[in-house]
Protein chains: 2
Amino acid sequence: MKTLSPDQQALFGLLNEIGIINQLSSSLLERLLPHGLTVAQFSLLNHLQRLEGEWSPARLAAAFQVTRGTMTSTLQRLEAKGFISLVPDPADGRAKIVTLTDAGRRARDAALAAAGPGLAEMKDALSPSEVAAVIPVLQKLRIWLDMHR
Amino acid sequence: MKTLSPDQQALFGLLNEIGIINQLSSSLLERLLPHGLTVAQFSLLNHLQRLEGEWSPARLAAAFQVTRGTMTSTLQRLEAKGFISLVPDPADGRAKIVTLTDAGRRARDAALAAAGPGLAEMKDALSPSEVAAVIPVLQKLRIWLDMHR
DNA sequence: ACTAGATAGTATGACATCAAACTAAAAAGG
DNA sequence: CCTTTTTAGTTTGATGTCATACTATCTAGT
């Protein structure tokens, strides 16, 4: 039977662990979020609220490391919920401009308020210093993966 | 504007990083795998090869932390590819027994051989000691999330 | 200016995933 | 034994994601 080297196994195990954490944390978080918001939708609302300026779907797709098609889909769902508005960019006939609506701002605040306690509870699992220690390592991995796309 | 505490922000950032890594590493791995195998399919073949014994869809679903419906779907795709066989369990009219076919064993070996070099390359991003350091922390988080499901 | 190439947004089809509803069969409790 | 509850597997519909292909528009190079 073919096998991997111990180092390869450890790396595979790491990716596996990451996959499970992603799955569990997403579904946990989505259970807390109001308006049937998904993590993708919440992240987008949050991004638009925190970072001022004009955002096109293409810029958002790049910021979130997803394809333009994925962003189209998420934006359409948020628009259907009335949380963002999408208008043509007068300066570029191909582009659109994404704007948070007032309802979107309220939804984002409500979502943040709902998610906060869950994140606070998670400190029982991982101390802030553990979080701080692990983040740079994962960033290195993420950057490497991004470059080898 | 409502905000999260720095600790909450760090935790949210960690989950975000994990989501991106999961996405990037999965698509990178799937580009290497033969037979159009997905990570889910490869993991399942690998599991069946490594761990002897009789596996029902329900046991597999529990082992992989996915719903039975998800496992049904993955098993159907692997069966369509001829890599597993699904037969009724004579001892339990509700259950089925999952078995690797010879083609499935060959596909798993080929997939492992194809994925190995990619994992080896990833050592440029993360040294084995960094991997070893980060795994226990993530395990703690995963276990906590699993208990708070 | 015109053409060729790059970029923006969209559409489609595939896959993984979940939740919820459903059927069939086993297990448990009277 | 019979009824109730639990369990196994499936189905359906929603979401996120990708790759690919397509249209419209912008940009650059000639």
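All values below come from the heavy atoms of this structure, side chains included, with hydrogens, waters and symmetry mates left out. So you know, we letter chains A, B, ... as the sequences are listed, proteins then strands, and number each from 1.
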Hey, is the side chain of [X] poking within less than 4.0 Å of OP1 or OP2 on [N], counting only N and O atoms?
| X | N | result |
| --- | --- | --- |
| Q41(A) | dG16(D) | yes |
| T38(B) | dC15(C) | no |
| T72(A) | dT10(C) | yes |
| R77(A) | dG16(D) | yes |
| Q23(A) | dC18(C) | yes |
| Q76(B) | dT11(D) | yes |

Pair E130(A) + K140(B): basic N to acidic O under 4.0 Å: yes
If the threshold is 4.0 Å, N to carboxylate O, is there a salt bridge linking D102(B) and R105(B)? yes
Name the nucleic acid region contacted by [X], choosing base, sugar-phosphate or nothing; use a 4.0 angstrom heavy-atom cut-off, strictly under.
| X | value |
| --- | --- |
| T70(B) | base |
| D89(A) | nothing |
| E30(B) | nothing |
| G69(B) | base |
| S26(A) | nothing |

Take atom [atom1] of [X] and atom [atom2] of [N], then tell me their distance rounded to the nearest Å.
| X | N | atom1 | atom2 | answer |
| --- | --- | --- | --- | --- |
| F64(B) | dA16(C) | CZ | C1' | 13 Å |
| I20(B) | dG16(D) | CD1 | C1' | 14 Å |
| E79(A) | dT15(D) | CD | C1' | 18 Å |
| K96(A) | dT23(D) | NZ | P | 17 Å |
| L60(B) | dA16(C) | CG | P | 15 Å |
| L86(A) | dA8(C) | CG | C1' | 13 Å |
| K81(A) | dA14(D) | NZ | P | 13 Å |
| D146(A) | dC18(D) | CG | C1' | 15 Å |

Could you check which of [options] has an atom nearest any side-chain atom of [X]?
| X | options | result |
| --- | --- | --- |
| R94(A) | dC26(D), dG9(D), dT10(C) | dC26(D) |
| D92(B) | dA25(C), dA8(C), dT17(D) | dA25(C) |
| A40(B) | dG9(D), dT10(C), dT17(C) | dT17(C) |

Answer with yes or no whether R68(B) presents, from its side chain, a donor or acceptor under 3.5 Å of a partner atom in the base of dG9(D).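 Flag set: donor-acceptor pair detected.
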Would a hydrophobic clustering, with Ile, Leu, Val, Met, Phe, Trp and Tyr connected at side-chain separations under 4.5 Å, put L75(B) with V87(B)?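 No, because L75(B) and V87(B) fall into different hydrophobic clusters, even though each may have its own neighbours under 4.5 Å.
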Answer yes or no: is there a side-chain heavy-atom contact under 4.5 Å between I97(B) and P90(B)?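 Heavy-atom side-chain distance check passes, below 4.5 Å.
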In sequence, state the C-alpha distance, the side-chain angles, and the governing distance for T3(A) and R50(B), and then conclude on side-chain contact (heavy atoms from CB on, under 4.5 Å). CA-CA 9 Å; T3(A) 59; R50(B) 282 185 307 126; over 6 Å; no
With side-chain hydrogen bond (donor to acceptor under 3.5 Å, both in side chains) as the criterion, how do Q8(B) and K123(A) come out once you've worked through the C-alpha distance, each side chain's angles and the decisive distance to 0.1 Å? CA-CA 9 Å; Q8(B) 289 171 324; K123(A) 274 188 278 198; over 6 Å; no
